[in-house]
2 protein chains.
Amino acid sequence: MNTYSIGDVAKLMGVTTYTLRYYEKEGLLPNIRKNSAGLRRFSEQDLAWLNILECLKSTGLPLKEIKHYLELSKDGDKTVKERMEIFLTQKKRLERQIQALKDNMEKINFKIKYYEAAIQDGEKNVLSKHRDLEAERKRLFEPKK
Amino acid sequence: MNTYSIGDVAKLMGVTTYTLRYYEKEGLLPNIRKNSAGLRRFSEQDLAWLNILECLKSTGLPLKEIKHYLELSKDGDKTVKERMEIFLTQKKRLERQIQALKDNMEKINFKIKYYEAAIQDGEKNVLSKHRDLEAERKRLFEPKK
DNA sequence: ATAAAACTTAAAGCATACTCTAAGTCAAGG
DNA sequence: CCTTGACTTAGAGTATGCTTTAAGTTTTAT
């Protein structure tokens, strides 16, 4: 089976070697093998774990809780339910995140439309801070429907 | 027009009063009025701005760049294009974020399915760390199609 | 009238997640 | 042989975004 140096893994995962060593130091990368010269050799399973780690991290699970998940994994079958719960919780979190991003997309689209219209108008000082915020104020406090 | 105390605003925005004062100190809340006793009174426009601030922040724009946007706003018409660019950039970022979250949703669903199947099986030690990661390794390195 | 809650300031402290430094080892190319 | 570059360790330093403290003032409810 292929193995990978820390530099290879850094490139593959889009992180720095510092980050990978930091993760190992924090117990987030268990059992990374080292060759006779003491250099780390990452297995494909290690990369698979990094992939899950990245997924959990980028959906907002703190490193501390990722470590907790890892400890559950070590304990085998009896922690299955708790481990599945973690993923179910992340799934819910993810759904909220996607909705929040969509809401933000609407706000950003409102802003872009406002700027486009203002540029079209060519009106002077339409875009002073006051006018700009007044449009937002109305959007929030005087919604049309 | 209604005004709001710092505590009111904190509740409305779901942040602490510490955070609001911190934002003001950092120049992210310009021109907050104070009453004769020196207490902050937030206007609806201030809330409108906080709403935009929250939108930019939660889509990953650092506070430093949010401050920059604010400074552009103060300079009026001549910064319109740059300001619109900021929102267009955030829109692109947001599209990537939504896609990334959807990708993560797939990974999480894979995990959940794996755990469900393993629980059904009732097989002992199916869920040891090794087996668990082996499934991930195959997903990554031996995709079916 | 007075006690509790909410506010004021300036400045220090903290959590998270890296990021870098120092001093040294090791393997490969010219 | 020797330099270059990737690696090793332990530990210090940094960036971001808050969060709290301390000491005092103001507002609000009883």
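Quantities reported herein were computed from a predicted structural model and do not represent experimental measurements. A, B, ... follow the sequence lines: proteins, then strands. Residue 1 opens every chain.
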B/Leu53 CG to D/dC18 C1', in whole Å, measures 13 Å
Taken to the nearest whole Å, CG/B/Leu29 to C1'/D/dC18 is 14 Å
Sequence-distant partners of A/Tyr69, side chain to side chain donor-acceptor pair (under 3.5 Å), two or more places apart = B/Tyr115
Nearest-Å distance for atom pair CG/C1', residues B/Leu20 and D/dT19 = 13 Å
Charged N-O contact under 4.0 Å between B/Glu136 and B/Arg139 = yes
Keeping to residues at least two apart or across chains, list the salt bridge (charged side-chain N to carboxylate O under 4.0 Å, His left out) pairs with something in residues 27-40 of chain A.
-> A/Glu24-A/Arg40
Rounded interatomic separation in angstrom, taking CG from B/Asn35 and C1' from D/dT26 = 9 Å
Residues forming a side chain to side chain donor-acceptor pair (under 3.5 Å) with A/Gln99, sequence neighbours excluded | A/Asp103
Show me the protein contacts with nucleotides 15-17 of chain D, counting only N or O atoms at under 3.5 Å.
{"unit_1": "D/dG17", "atom_1": "OP2", "unit_2": "B/Leu63", "atom_2": "N", "d": "3.4"}

Protein N or O to nucleotides 7-14 of chain C N or O, pairs below 3.5 Å:
{"unit_1": "C/dC7", "atom_1": "OP1", "unit_2": "B/Ser5", "atom_2": "OG", "d": "3.1"}
{"unit_1": "C/dC7", "atom_1": "OP1", "unit_2": "B/Gly7", "atom_2": "N", "d": "2.8"}
{"unit_1": "C/dT8", "atom_1": "OP1", "unit_2": "B/Arg40", "atom_2": "N", "d": "2.8"}
{"unit_1": "C/dT8", "atom_1": "OP1", "unit_2": "B/Arg40", "atom_2": "NH1", "d": "2.7"}
{"unit_1": "C/dT8", "atom_1": "OP2", "unit_2": "B/Arg21", "atom_2": "NE", "d": "3.1"}
{"unit_1": "C/dT8", "atom_1": "OP2", "unit_2": "B/Arg21", "atom_2": "NH2", "d": "3.4"}
{"unit_1": "C/dT8", "atom_1": "OP2", "unit_2": "B/Arg40", "atom_2": "NH1", "d": "2.8"}
{"unit_1": "C/dT8", "atom_1": "O5'", "unit_2": "B/Arg40", "atom_2": "NH1", "d": "3.4"}
{"unit_1": "C/dT9", "atom_1": "OP1", "unit_2": "B/Lys34", "atom_2": "NZ", "d": "2.5"}
{"unit_1": "C/dT9", "atom_1": "OP2", "unit_2": "B/Arg40", "atom_2": "NH1", "d": "3.3"}
{"unit_1": "C/dT9", "atom_1": "OP2", "unit_2": "B/Arg40", "atom_2": "NH2", "d": "2.6"}

Partner residues of A/Lys81 under the side chain to side chain donor-acceptor pair (under 3.5 Å) criterion, sequence neighbours left out | none
Applied to residues 2-21 of chain A, the side chain to side chain donor-acceptor pair (under 3.5 Å) test, sequence neighbours excluded, yields A/Thr3-A/Arg41, A/Ser5-A/Asp8, A/Thr16-A/Thr19
Start at the 5' end of DNA chain C and walk down; is the nucleotide closest to A/Ser36 or to A/Thr19 reached first?
-> A/Thr19
In chain order, what residues pass the side chain to side chain donor-acceptor pair (under 3.5 Å) check against B/Glu44, with sequence neighbours excluded?
-> A/Arg137
Expected list for residues 48-66 of chain B: side-chain donor-acceptor pairs under 3.5 angstrom, two or more places apart:
{"unit_1": "B/Trp49", "atom_1": "NE1", "unit_2": "B/Leu28", "atom_2": "O", "d": "2.6"}
{"unit_1": "B/Asn51", "atom_1": "OD1", "unit_2": "A/Lys107", "atom_2": "NZ", "d": "3.0"}
{"unit_1": "B/Ser58", "atom_1": "OG", "unit_2": "A/Asn104", "atom_2": "ND2", "d": "2.8"}
{"unit_1": "B/Ser58", "atom_1": "OG", "unit_2": "B/Glu54", "atom_2": "O", "d": "3.2"}
{"unit_1": "B/Ser58", "atom_1": "OG", "unit_2": "B/Cys55", "atom_2": "O", "d": "3.4"}
{"unit_1": "B/Thr59", "atom_1": "OG1", "unit_2": "B/Cys55", "atom_2": "O", "d": "2.9"}
{"unit_1": "B/Thr59", "atom_1": "OG1", "unit_2": "B/Leu56", "atom_2": "O", "d": "3.0"}
{"unit_1": "B/Thr59", "atom_1": "OG1", "unit_2": "B/Gln90", "atom_2": "NE2", "d": "2.7"}

Separation of A/Tyr18 atom OH from D/dT8 atom P, in whole Å?
-> 12 Å
